[in-house]
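What follows is one structure encoded as structure tokens, with my remarks underneath.
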Amino acid sequence: MPPKRGRPRRQVQSTAANAQVWIDPDVLAKRTKKHLEELERSNYTEPSATLTGADDEEPERGSSVRGRARQTISDKREHGRKKKSTMNVRTALLYRKNLTTLIEESGISSLPANCPTYLTAVVPPPNEPPRLICSVCGYWGKYKCVRCAMPYCDLNCEAVHKETRCERRVI
Amino acid sequence: MEPSCIAVLDNGACTVKCGRTSVSYDDQPRLITNAVVRSRGDKATYIGHEFDQCRDFSSLHYRLPFEKGYLVDWDAQKAVWDGIFSDEVLKINPSESSLLITEPYFNLPNLQEVYDQFVFEEYEFHSYFRSTPAALIPHGTLYGNSSSAPPECMLVVDSGFSFTHVVPIMEGSIVWSAVKRLDVGGKLLTNRLKELVSFRQWNMMDETYIMNEVKESCCYVSVDYRRDLDMCRWDPRKNPILQEYILPNFSANRNGRIRKAGELINEADQILYMNNERFSVPETIFHPSDIELQQQGLPGAIASSISLLPEDVQGLFWVNIGLIGGNTKFPGFCDRLMLELRSLAPSDVEVKVYTAADPTTEAYKAALAFARNSAFPSHVVTRAEYQESGSNACRRKFKDWRSSDRGVDQTLDRRKGKAPMQDSDEEPSSAPRKGGRTRNRTGIQPSGPRRR
């Protein structure tokens, strides 16, 4: 019994070892980062020009594209009163900045280390190694793809994985 | 001039919970979608409250004012706020009203200034108060009824649309140095579910609205992940976890629902099988490493937050954990959290978790209670003050993570009885900030009843 049990385990280990030799951790980190960014998206497909709300309502204005001042949503829908916004408000409305830029401009990274900020508040990484979960069916993923290191649970899922998701460029 | 009413906005990244103080209003807030939504089927764009009129929820395009929990798209936000303040929702005249609005934890200083600018320069509110949702919780009833004083130490877990925060509150103010953030929120969970379902069954990548409904009606937090995962492999006829969700059909004006046992279905209906997706999605809050996010799960985040607090009162935090935010509505959330916290907490302390009847609106209700409090007017910044000293007026008066940049030191000082910094003691002074605070801190007053 013991030798029998021992062999497959050794095989698994060697596959894992191979995987580590073959796959650049930077590539995996990049893939993870990309995946996490995708999970933050508000819309999967970015709207084509014809589908955005803005463009539907634009033609009525009939002004030339180049000469047109930038417009806000509320400019298009007047809610009763019409008043001129202050410079500050106008700037915020018209020049949208993404969060990364805003964090940079806020200067929170240069605050003293003992001052808690958005950057320091993130929870520490876990102590235990991640559980491996089959990337196809969600069951425990005992094995890892030799090519791309994604976990899978059995031969069926391996086949599906190879057919669909396996990123062959990660070699 | 006194403001005629106070508008209360819990300005969440997914929904704005809003209402106003006034006799004719009940305590239930209106929930307004915080987005500009384009519906392809309806061929219409809905701004905020107009979304109630939407009939076709397939392939909606969302423009959200928030990115990762922070307000970045002011154009979209203004459009939503315009609707909220208008006669269609709150019916207020800003120049005669006061405003209580929530902001995200660790809101960026440059963004806070834009909040001030919008409130005073664009809407011209008479006065306003800005705070994080958790900071308002002591005014609410999460920890028991309003007659009893809230506990001295509480740990608020706010799991919302963008992220999850663990926020310790001591004597009514947040201990910022121990606040922890986990980058898992409702948005990520819905997107995760979309991704799993689209890979395994139907392509739902563009169906955020539908998948959010599926998530809210089918998902739960497993108390035994291992057992549930095994059960999902059982024969479908015996599998107690498997659910069939009948996807909505908007052309036939029919909403989605879970198929009841024995219910007959039309041939045209599309069935979505929800098996291990039901619990593996919310599991991400407890095991972010399942999606390779290198962060501790919520129980670990709570433990690491408490470990940063003064040792002699840590027990008081373990026994006063309160849950707010939409994600805590998953069935089993509280049980699972209790289970894991019990094993993380020292064996001699008691662990107790408080839940709200409606975790989504709990912060709003606390905010409303605060707005009705007679002390509220002393906390606001008025438009006149803003006109005099700009955003500095707000920086001086609103307590946030910057006003406690000494973190634990300050809290510790206070506990030693050096300087009880009661809210009302802190007069806005025109002296330089640092000096002003030092003086306040040394102004010794007998502190409240000591703990031990």
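Note that this is a predicted model, so its numbers are computed, not measured. Numbered from 1 within each chain, the chains take letters A, B, ... in sequence-line order.
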Discussion item. Test of understanding: with side chain to side chain contact (heavy atoms under 4.5 Å, CB included), list the residues that count as partners of A/L119, not counting sequence neighbours.
Written reply: A/I103, A/I108, A/S109, A/T117
Given heavy-atom pairs under 4.5 angstrom as the criterion, report whether the side chain, backbone, both or neither of [X] touches chain A.
X      : value
B/V36  : side chain
B/V114 : side chain
B/S280 : neither
B/N276 : side chain
B/F199 : side chain
B/R233 : side chain
B/R192 : both
B/L111 : side chain
B/H287 : side chain

Worksheet item: Just wondering, do A/L39 and B/E195 contact through their side chains at under 4.5 Å, heavy atoms?
Response: yes
Any chance the side chains of [X] and [Y] put a donor and an acceptor closer than 3.5 Å?
X      : Y      : value
A/Y139 : B/D230 : yes
A/N88  : B/E121 : yes
B/K78  : A/S85  : no

Discussion item. Under the salt bridge (charged side-chain N to carboxylate O under 4.0 Å, His left out) definition, can you give me all pairs with a residue in residues 113-139 of chain A, not counting sequence neighbours?
Written reply: A/R131-B/E283, A/R131-B/D290
Worksheet item: Less than 6.0 Å separating the ring centroids of A/Y118 and B/Y70?
Response: yes
Worksheet item: Looking at the rings of A/W140 and B/Y225, which for Trp means the six-membered one, are their centres under 6.0 Å apart?
Response: yes
Worksheet, complete the sentence: Residues passing the salt bridge (charged side-chain N to carboxylate O under 4.0 Å, His left out) test with B/K68, sequence neighbours excluded, are none
Side chain, backbone, both or neither: which part of [X] has a non-hydrogen atom closer than 4.5 Å to chain B?
X      : value
A/S135 : backbone
A/L99  : both
A/T91  : neither

Worksheet item: Do you know the tightest heavy-atom contact between B/Y62 and A/S42?
Response: O-CB, 4.3 Å
Discussion item. Only heavy atoms, only distances under 4.5 angstrom. Which residues in residues 297-307 of chain B are near chain A?
Written reply: B/A301, B/S304
Worksheet, complete the sentence: Rounded to the nearest 0.5 angstrom, the CG-CG distance for A/N43 and B/D206 is 8.0 Å
